[in-house]
Amino acid sequence: MNSGSAVKFEKVSKRFRTPKGTWYQALANLEFEVEAGQFVALVGPTGCGKSTALTLLAGLEQPSIGKVTVNGQEVHDIDTSTGFVFQHDATFPWMNVYSNIAAGPKFRKVKDHDALVKSWIAKVGLTGFENNYPHQLSGGMKKRVALAQSLINEPSLLLMDEPFSALDVQTRSIMTDELMGLWEQTKSTVLFVTHDLEEAIALADRVIVLTAGPAQVKADFKIDLPRPRKARDIRFTPEFLAIYHKIWNVLRDEVDLAYQRQLIAPSGKK
Amino acid sequence: MAEEYLSDQEIKRRNTTHRIKVHSLQLGFAVLLMGTWQILADKKILDPFFYGRPTGVLHQLKVWVQNGTSIGSLWVNAWVTFYEATYGFFAGVILGIIFGVFLARNKTAAEIFAPYIKVSNSIPRVVLGSIFVLWLGLGSISKVALAFVLVFFPVFFNAFQGTREADNKLISNARLLGASKRDVLRRVIFPSALSWITASMHVSFGFALIGAIVGEFLGAQRGLGLLIATAQGNFNPNGVYAAMVLIAIMALSAEFLITKLEDRLLNWRPTQVSGSEL
Ligand SMILES: Nc1ncnc2c1ncn2[C@@H]1O[C@H](COP(=O)(O)OP(=O)(O)OP(=O)(O)O)[C@@H](O)[C@H]1O
Ligand SMILES: [Mg+2]
């Protein structure tokens with residue numbers, strides 16, 4: 001079981017230098033494990049350290065204390081079997097839609113990737129926009145480019161930082177189902193950060209609630225809703241609503257706490 | 001209130017009308033300026049012996065084209081200055097980019113060289129022209145060297161800064177997508193530094209011409225700089241102006257080519273008002 005964990009945080013703390021020269025603690029003794037093939041949603045109030053946790057997993061930053069392991073290996077550097085959909089736009093502004101999505105296969109020297117790239121362009125509904133540059137796309141279209149750019153490489157660990165946040169409700173539910181379908185085929189391990197609790201429950205096997213910063217695991221819920229799920233229909237079942245209320249009760253305290261701190265912070269400066 | 005979209009023809013017609021208006025006003029301004037100069041010179045308010053006059057400049061150009069100059073054919077002299085500037089320009093741009101990108105990517109090297117670069121940048125570099133003439137002689141090489149030194153630094157600093165400004169998130173993203181070090185350099189860092197580099201290229205061709213001409217002032221057997229120095233020695237202001245006209249034509253043609261190159265390389269950027277439309 002222990003060696004079977006795809007992702008493991010062991011007493012992980014992370015601090016950052018603030019502009020004032022003091023330290024800001026983003027994670028404190030964060031501990032959790034994710035089994036291979038699990039779909040885990042991370043929820044927590046804004047600024048609690050969700051993105052930070054993902055950057056440690058991706059090897060973009062190192063923990064200040066503690067150990068982060070992916071598939072049994074301690075993370076020291078970027079690993080290309082990890083896919084990362086960034087919270088903020090990370091498409092290459094000098095590449096058009098086609099080249100952005102083809103970037104991974106090209107870097108990895110995948111032969112004859114043209115058909116693959118085109119199929120992904122179609123999957124994210126961008127056929128006809130192949131030659132547009134990112135500045136000629138809407139926010140939601142850019143997000144879909146970023147999704148395809150990452151998913152086309154079939155990563156064994158997929159980190160997604162609010163991937164659907166800029167999408168309209170319709171596209172969002174299409175993409176949610178699309179992601180479900182893909183994941184059920186590939187069974188890669190997914191860590192999915194979201195502010196949308198409904199989305200988290202509809203997608204995930206587990207929902208981990210983090211505390212207001214510095215992030216620790218506040219609660220860990222197993223979602224036993226049957227699969228395959230259709231995100232659109234599942235939201236109205238009584239089981240769904242029951243678990244939703246259970247998680248929201250826990251999350252609400254942390255969100256309130258984070259909000260109170262935000263209100264105090266500006267006037268707190270002497 | 002518009003009821004229908006403007007037709008493409010109508011848009012084109014309006015654009016053309018606008019362009020014609022701008023160009024004729026530009027021409028009008030030049031005529032006004034030259035006319036005033038000519039009249040002031042004819043009335044001896046501006047002494048044509050010192051200040052020259054437009055018709056004199058035209059006459060000088062005609063004489064040079066038809067009979068050659070005191071130091072040989074006009075075209076040979078113009079060509080010499082042009083290639084000195086061009087060689088210096090390309091050498092400066094290429095080495096400036098290489099060193100700029102290298103130092104920006106290599107923190108230790110940047111720390112070691114920083115004081116030396118600051119010192120060599122603070123020296124007024126034109127004085128190196130005298131040294132180059134001593135070292136490299138009166139031929140073209142000393143001019144190319146001066147043009148190179150003038151071009152190198154602005155390109156170097158911009159390439160350095162542009163590389164430093166490359167977005168870390170994009171570099172991380174590329175690496176996660178499987179990019180090698182070389183891919184990161186070619187596909188992420190270079191494209192994002194490119195707008196800085198091309199910006200420095202606009203001023204740099206001007207610097208290259210300055211290098212070539214100042215080098216020729218300091219000692220040469222050929223070139224427009226020597227032609228200017230000779231005209232100055234003969235109290236011939238029209239000769240100085242005529243050479244200036246030729247230099248301006250060179251500078252503007254180079255600027256035109258650099259703008260074309262920039263538009264091609266940076267076609268992914270949102271369209272913006274370029275210098276020529278301001
Ligand atoms: N590079 C950094 N330097 C300094 N502080 C940082 C840095 N990165 C993150 N932080 C701080 O760490 C805290 C957690 O940031 P993080 O981005 O992980 O939050 P988050 O949970 O993803 O929030 P959100 O839901 O709003 O995206 C924030 O208070 C932030 O100010
Ligand atoms: Mg975040």
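Hydrogens, waters and symmetry mates play no part in the numbers below; they use all other heavy atoms, side chains included. By convention in this document, chain letters (A, B, ...) are assigned in the order of the sequence lines, proteins followed by strands, and residues within each chain are numbered from 1.
- In this structure, no portion of Asn168(B) lies under 4.5 Å from any heavy atom of chain A.
- Open room surrounds CH2 on Trp75(B); 12 or fewer heavy atoms of other groups in view lie less than 6.0 Å from it.
- Taking CG of Asn173(B) as the reference point, atom CG of Leu60(A) lies at 9.5 Å (rounded to 0.5 Å).
- Ser172(B) touches chain A through backbone and side chain together, each having a heavy atom under 4.5 Å away.
- What you find for Leu176(B) and Ala58(A) is that their closest heavy atoms are CD2-O, 4.2 Å.
- Within residues 76-100 of chain A, the residues that have a heavy atom under 4.5 Å from a heavy atom of chain B are Asp77(A), Ile78(A), Asp79(A), Thr80(A), Thr82(A), Phe84(A), Phe86(A), His88(A), Asp89(A), Ala90(A), Thr91(A), Phe92(A), Pro93(A), Trp94(A), Met95(A), listed by number.
- No more than 12 heavy atoms of other residues, nucleotides or ligands lie within 6.0 Å of CD in Gln73(A), so this atom counts as exposed by the packing criterion.
- The local environment of CZ in Phe256(B) is sparse, with at most 12 non-hydrogen atoms from other residues, nucleotides or ligands closer than 6.0 Å.
- Around CD1 of Ile117(B), the count of heavy atoms belonging to other residues, nucleotides or ligands within 6.0 Å exceeds 12.
- With a 4.5 Å cut-off on non-hydrogen atoms, Gln149(A) touches chain B through its backbone and its side chain both.
- Taking a 6.0 Å sphere around CZ of Arg17(A), one finds it holds more than 12 heavy atoms contributed by other residues, nucleotides or ligands.
- The environment of CG in Asp114(A) is crowded: more than 12 heavy-atom neighbours from other residues, nucleotides or ligands sit within 6.0 Å.
- Annotation: Glu154(A), atom CD; neighbour count of heavy atoms from other residues, nucleotides and ligands within 6.0 Å does not exceed 12.
- Only the side chain of Tyr133(A) comes within less than 4.5 Å of a heavy atom in chain B; its backbone stays farther off.
- No more than 12 heavy atoms of other residues, nucleotides or ligands lie within 6.0 Å of NZ in Lys12(B), so this atom counts as exposed by the packing criterion.
- Chain A forms the most heavy-atom pairs under 4.5 Å with one residue out of Leu170(B), Asn267(B), Asp167(B), and that residue is Leu170(B).
- Within residues 98-116 of chain B, no residue approaches chain A closer than 4.5 Å by heavy atoms.
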